[in-house]
Amino acid sequence: MEYNPRNIEHKWRKYWDEHKIYQISNDSDRPKYYVLDMFPYPSGAGLHVGHPLGYIASDIFARYKRLSGFNVLHPMGYDAFGLPAEQYAIQSGVHPAVSTDQNIAKYRQQMDNLGFSFDWDREVKTSEPGYYKWTQWIFLQLFEHFYDLEAGNALPIGELIARFEKEGNRSVKAANGQEETFTADKWKAMSAKQQAEVLMNYRLAYRRTSYVNWCEALGTVLANDEVKDGLSERGGHPVERRAMLQWSLRITAYAERLLNDLDTVNWSDSLKAQQRNWIGRSEGAQLFFEVKDSEEKIEIFTTRPDTIFGATYMVLAPEHPLVDDLTTDDCLEQVGDYLKYVGSRTERERMAEVKEVTGCFIGAYAINPFNGKEIPIWIGEYVLMEYGTGAIMAVPSDDERDQAFAKKFGLEIIDVVDKTDYPGAGLHDKIGKMINSDFLTGMEVKDAIQATNDKIEEKGIGKRRINYKLRDANFSRQRYWGEPFPITYDEQGIAHANAVSELPLELPELEDFKPASGGQSPLARREDWVQLPNGHRRETDTMPGFAGSSWYFLRYMDAHNTDAFASQEAINYWQDVDLYVGGTEHAVGHLMYSRFWHKFLYDKGLVPTNEPFKKLINQGMIQGVIEYLYLMKEKREGYNHFMCSRMAAQKGITEFAKIPVHIDFVQAYGSDESHLNVDSIKKFIDWRPDYTDAIFECGNGIFHNGVFTPNADATDSTLYTHSEVGKMSKRYYNVVNPDDVIERYGSDCFRMYEMFLGPIEQSKPWNTNSIDGVSKFLRKLWSLFYDEKGNFLVAEGEASKEELKALHAAIKKVRNDIERFAFNTCVSAFMVCVNELRRLKCHKKVILKDLVVLLAPFAPHLTEELWELLGEQPSVHLSSYPEHNEDFLKEDSTTYPIAINGKTRGKADFPADASREDLSAAAVDLDVVKKWADGKTIRKVIVVPGRMINIVVS
RNA sequence: GCCGACGUGGCGGAAUUGGUAGACGCGCUGGAUUCAAAAUCCAGUUCUGGCAACAGAGUGUGGGUUCGAUUCCCACCGUCGGUACCA
């Protein structure tokens with residue numbers, strides 16, 4: 001009887017479904033384990049072979065944990081709000097909810113085809129009112145809280161108001177954007193609107209005028225990570241900076257905790273480094289410079305206060321608010337010109353020409369607080385308004401950018417750090433001895449920084465300060481397909497939270513999804529929805545994609561709860577995510593926002609853990625091979641197109657356009673010999689009729705108008721393609737659909753093959769070539785149960801020593817490797833074991849039973865079938881994962897490699913229980929040793945019991 | 001530039017704390033079976049020399065520590081990912 005994966009897989013999937021095998025309870029005696037996948041955005045293209053990589057890995061681990069006695073939460077859902085569905089709606093008029101549901105149905109069908117053990121009863125969709133009710137609810141909590149820096153957590157805004165009423169804001173240490181201080185009396189004297197504005201400066205969700213990445217073509221604001229090189233990631237449209245009134249989340253309040261708590265999670269170094277980088281903590285000093293003939297003071301931030309005596313000028317960002325006030329009359333014109341020039345430059349140009357030095361003197365002078373020296377004030381593009389204070393003291397001797405600027409504009413350079421003791425040290429390194437620096441002269445840089453900081457604080461001209469690169473997160477999108485804000489504005493424009501009883505605030509129906517005028521959200525066109533009877537108007541922006549995805553893992557714990565985002569019992573049972581599997585592309589976006597929301601909920605006492613994701617595995621991407629034809633850019637010999645083979649490309653012709661070719665036409669796809677033969681060139685022309693009249697220069701001839709004309713010596717009529725490894729994407733025609741592979745080999749085979757490709761963290765190109773090896777393995781396993789004639793071979797009887805050894809070696813290896821997520825070597829271990837059992841002709845039930853359970857996480861359908869064949873009750877997952885017995889692996893004798901001076905020269909068997917002394921004595925008598933030590937003296941014998949013996953001679 | 005990861009046969013990749021480098025799979029070569037093919041099975045397969053036994057070289061390059069280094073340290077080269085005028 002043959003192994004027929006399709007029948008087996010259908011049978012068991014149906015069984016699992018009917019018996020709700022993977023439905024799990026929030027109430028169990030077993031310890032909990034939470035295995036989470038990053039939920040997908042359901043795009044129209046469906047899943048390709050790369051998507052399931054992480055899902056397979058997490059499914060294996062979830063099944064392994066289930067077999068090991070854990071109550072495992074392993075859910076799946078959809079990140080269903082997003083721009084593509086809205087773009088599609090604009091083009092086609094199909095409501096995003098409809099197209100999203102269609103896509104979800106397709107995803108679901110594809111995922112079902114892979115045999116995952118998800119508990120689908122807990123499925124979440126971020127676009128469902130029952131879900132986004134709680135996204136809105138959490139937003140309102142953020143709106144109603146501020147961050148108390150002294151308490152180190154979030155507190156209700158009511159407490160802040162109470163403190164303002166008692167003592168104003170002078171003593172309040174909170175994360176805020178409030179600039180003025182006020183007394184209690186002043187607070188009480190403020191109008192309702194003024195008070196509301198002040199409170200806005202403290203709220204964790206707040207509204208402010210901010211510069212945003214505005215994309216005219218898409219009619220919306222984009223997140224930083226949606227902009228690449230000044231162009232929108234989607235569509236590649238130009239992006240400009242525009243000031244808009246926007247909702248923001250005060251993630252900066254949590255910067256320090258987000259940074260420190262990275263030490264408590266089990267994530268990869270590179271991911272932690274990315275987050276640290278993004279948070280960008282730097283220690284330094286805030287310092288005020290007085291301005292000559294002015295009341296104004298310029299506030300700067302520096303990490304090198306020690307170089308203060310080398311500060312020979314100052315630079316303000318062009319957008320700095322003081323620029324207007326400080327510019328002197330005789331400089332008005334040049335400053336005006338410069339500002340005009342800066343304004344004319346798009347973000348893209350600024351980024352492209354980073355190294356170009358531009359700037360302008362504004363006529364004013366600042367006073368160095370340490371030596372009273374007057375130093376000129378400039379403005380320059382290289383100083384960014386968004387970082388620090390938007391102003392710097394320039395120390396050209398110790399900062400490359402300042403130096404370039406000073407050299408270009410002929411500004412004074414004073415050396416203040418002597419680095420002659422540190423050859424090879426860069427300008428930026430904080431080492432050296434201070435010179436030309438008054439009281440600092442002679443000190444090491446490290447000490448000088450401390451000394452200067454002390455002096456700054458003593459003089460009252462500034463403070464030690466910590467600065468972060470992390471910016472508050474922009475939380476407004478001018479889109480339809482997102483969560484509406486549960487916020488209304490009264491006649492004065494004061495923002496009011498909707499009552500919780502009014503949640504969810506559902507998206508109103510629309511017929512046209514285009515943005516409204518002035519870059520407003522499409523929602524603004526539903527005047528009847530926006531205008532409320534009490535005179536209030538609704539917020540028309542919607543929340544960004546990361547809103548719904550910042551907390552979804554909590555919803556799975558109690559997905560149908562209508563009274564809370566999840567019940568406290570459920571949350572206290574499941575606690576946090578033990579294992580999170582997903583791509584690195586979310587390293588600084590999703591993972592940062594989720595941690596922030598989680599910490600806020602923790603402060604509120606709503607979740608028991610400080611961090612949401614204990615362990616994180618980043619699966620690599622499965623890439624595609626892109627096959628290109630090269631098209632000569634110049635026309636040749638009167639023909640419109642001239643396709644060149646790879647050979648021609650290698651001849652040094654460089655003027656090519658690359659045309660991706662559909663992989664179906666390519667022979668030996670993905671290999672060195674990828675090419676189109678005459679038939680496939682014809683297919684290619686049918687597919688791309690625009691190249692009908694093209695000339696194809698093949699290996700040794702010309703193909704044109706359906707005819708191949710060989711050169712004199714030609715035998716080769718193929719057109720070579722050039723392959724590159726890249727994204728698997730529709731536009732490269734290289735997408736491999738898992739359904740096709742599964743159709744042919746079965747999903748157990750597909751699962752094991754994806755794992756067998758290599759370590760999960762690694763990116764690698766998809767290549768179906770070697771899947772046969774895994775397929776062969778499964779058939780070999782099957783052949784332990786049935787022979788070709790269909791005779792059932794499984795027998796009772798005691799296992800032999802060798803059989804036990806083969807089994808237990810596999811158990812040991814697989815158990816160990818699963819724990820460290822080395823699933824590729826697990827598959828190898830299975831292969832070794834099955835080969836050995838076949839060699840031993842072992843069909844014994846005692847052995848096969850354990851082997852089947854061992855394999856269950858990897859090939860769940862097949863193992864269910866085999867489990868049944870062994871006469872067991874269905875649901876292999878209810879049994880327990882086998883443990884290895886070291887006794888079966890013990891040998892009577894151990895084979896030792898014998899090395900002379902570290903170089904292995906032979907091997908010898910010794911009794912397994914031989915002592916170090918016995919081994920040492922026996923080793924020197926060996927023939928190999930005599931041969932290699934001939935004429936030399938044995939200096940030392942190094943014996944590592946069980947490992948090796950090394951004999952040192954000279 | 002900075003931060004992080006990595007570099008092993010023809011290919012994907014093994015080698016858990018330094019201890020027989022190349023497990024397992026693909027591919028390739030030879031053989032068995034077959035009218036033939038597919039499938040299956042057996043043997044071989046790091047490179048160089050040799051019929052062979054065997055010998056030499058070998059984990060990006062150069063150096064170091066060690067009885068012994070793919071593994072640890074230093075410098076360099078290369079690939080990938082992130083980030084970018086962050087004061």
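Just so we're on the same page: letters track the sequence lines, and every chain starts at 1. Quick note: numbers below take in every heavy atom, side chains included, and nothing from hydrogens, waters or symmetry partners.
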[atom1] atoms of [N] and [M], separation to the nearest Å:
N: B/U65; M: B/G56; atom1: C1'; answer: 26 Å
N: B/G60; M: B/C80; atom1: C1'; answer: 15 Å
N: B/A15; M: B/G63; atom1: P; answer: 29 Å
N: B/U46; M: B/U70; atom1: C1'; answer: 14 Å
N: B/G68; M: B/G13; atom1: P; answer: 32 Å
N: B/C42; M: B/A21; atom1: P; answer: 28 Å
N: B/G4; M: B/A75; atom1: P; answer: 13 Å
N: B/A53; M: B/C41; atom1: P; answer: 28 Å

Side-chain donor/acceptor pairs under 3.5 Å, residues 306-317 of chain A, sequence neighbours excluded:
unit_1, atom_1, unit_2, atom_2, d
A/D306, OD1, A/R304, NE, 3.1
A/D306, OD2, A/R304, NE, 3.4
A/D306, OD2, A/R304, NH2, 3.0
A/T307, OG1, A/R304, O, 2.8
A/T312, OG1, A/E412, O, 2.7
A/Y313, OH, A/D402, O, 2.8

CD-CD1 distance between A/E256 and A/I466, expressed to the nearest 0.5 angstrom
5.5 Å
CD1-OG1 distance between A/I449 and A/T303, expressed to the nearest 0.5 angstrom
7.5 Å
Under 4.0 Å, counting only non-hydrogen atoms across every strand here, what does [X] touch: a base, just sugar-phosphate, or nothing?
X: A/Q762; result: sugar-phosphate
X: A/P765; result: nothing
X: A/R939; result: nothing
X: A/N824; result: sugar-phosphate
X: A/A899; result: nothing
X: A/R281; result: nothing
X: A/W267; result: nothing

Looking at [X], does any N or O in its side chain come under 4.0 Å of the phosphate oxygens OP1/OP2 on [N]?
X: A/K931; N: B/A55; value: yes
X: A/Q274; N: B/U83; value: no
X: A/R947; N: B/A15; value: no

Do you see a donor-acceptor pair shorter than 3.5 Å between the side chains of A/S775 and A/R779?
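On atom types as modelled, these side chains qualify, holding a pair under 3.5 Å.
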Would you mind telling me which residue lines up with the more 5' stretch of RNA chain B, A/G906 or A/S270, judged by nearest nucleotide?
A/S270
5' priority, RNA chain B, between A/A822 and A/W932 [closest heavy atom]:
A/A822
Are A/F750 and A/Y745 near enough that their ring centres are under 6.0 Å apart?
no
What string of B, S and - do you get for nucleotides 64-78 of chain B, 5' to 3', when a contact is any protein heavy atom under 4.0 Å?
---BS----------
Using a 4.0 Å cut-off on protein heavy atoms (strictly under), produce a 5'-to-3' string for nucleotides 24-46 of chain B with B for base contact, S for backbone-only sugar-phosphate contact, and - for none.
BSS------------SSS-----
Between the side-chain atoms of A/N816 and the base atoms of B/U16, is any donor-acceptor pair under 3.5 Å?
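Result: at least one qualifying N/O pair found.
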Rounded to the nearest Å, what distance is computed from the [atom1] atom of residue [X] to the [atom2] atom of nucleotide [N]?
X: A/Q403; N: B/C85; atom1: CD; atom2: C1'; value: 15 Å
X: A/I375; N: B/A87; atom1: CD1; atom2: P; value: 19 Å
X: A/W278; N: B/G4; atom1: CH2; atom2: P; value: 18 Å
X: A/L262; N: B/G82; atom1: CG; atom2: C1'; value: 15 Å
X: A/Y387; N: B/A84; atom1: OH; atom2: P; value: 14 Å
X: A/D269; N: B/C3; atom1: CG; atom2: P; value: 14 Å
X: A/N467; N: B/C86; atom1: CG; atom2: P; value: 13 Å

Test A/Y753 against every option in A/F858, A/F823, A/W766, A/F777 by the ring-ring contact (aromatic ring centres under 6.0 Å, His included) rule and name the one that passes.
A/W766
Table please: side-chain donor-acceptor pairs of residues 935-947 of chain A below 3.5 Å, with sequence neighbours left out.
unit_1, atom_1, unit_2, atom_2, d
A/R939, NE, A/S954, OG, 2.7
A/R939, NH2, A/S954, OG, 3.3

For B/G78, does the O4'-C1'-N9-C4 or O4'-C1'-N1-C2 angle fall within 90° of 0, making it syn, or is it anti?
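Anti conformation for B/G78.
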Using a 6.0 Å cut-off, check whether atom [atom1] of [X] has over 12 heavy atoms from anything other than its own residue.
X: A/E386; atom1: CD; result: yes
X: A/K805; atom1: NZ; result: no
X: A/D927; atom1: CG; result: no

With sequence neighbours excluded, tell me which residues meet side chain to side chain contact (heavy atoms under 4.5 Å, CB included) with A/E886.
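Testing A/E886 for side chain to side chain contact (heavy atoms under 4.5 Å, CB included), a comparison that skips the adjacent residues, returns A/K812, A/H884, A/L889.
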With sequence neighbours excluded, what pairs up with A/K813 under the salt bridge (Lys or Arg N to Asp or Glu O under 4.0 Å) test?
A/D817
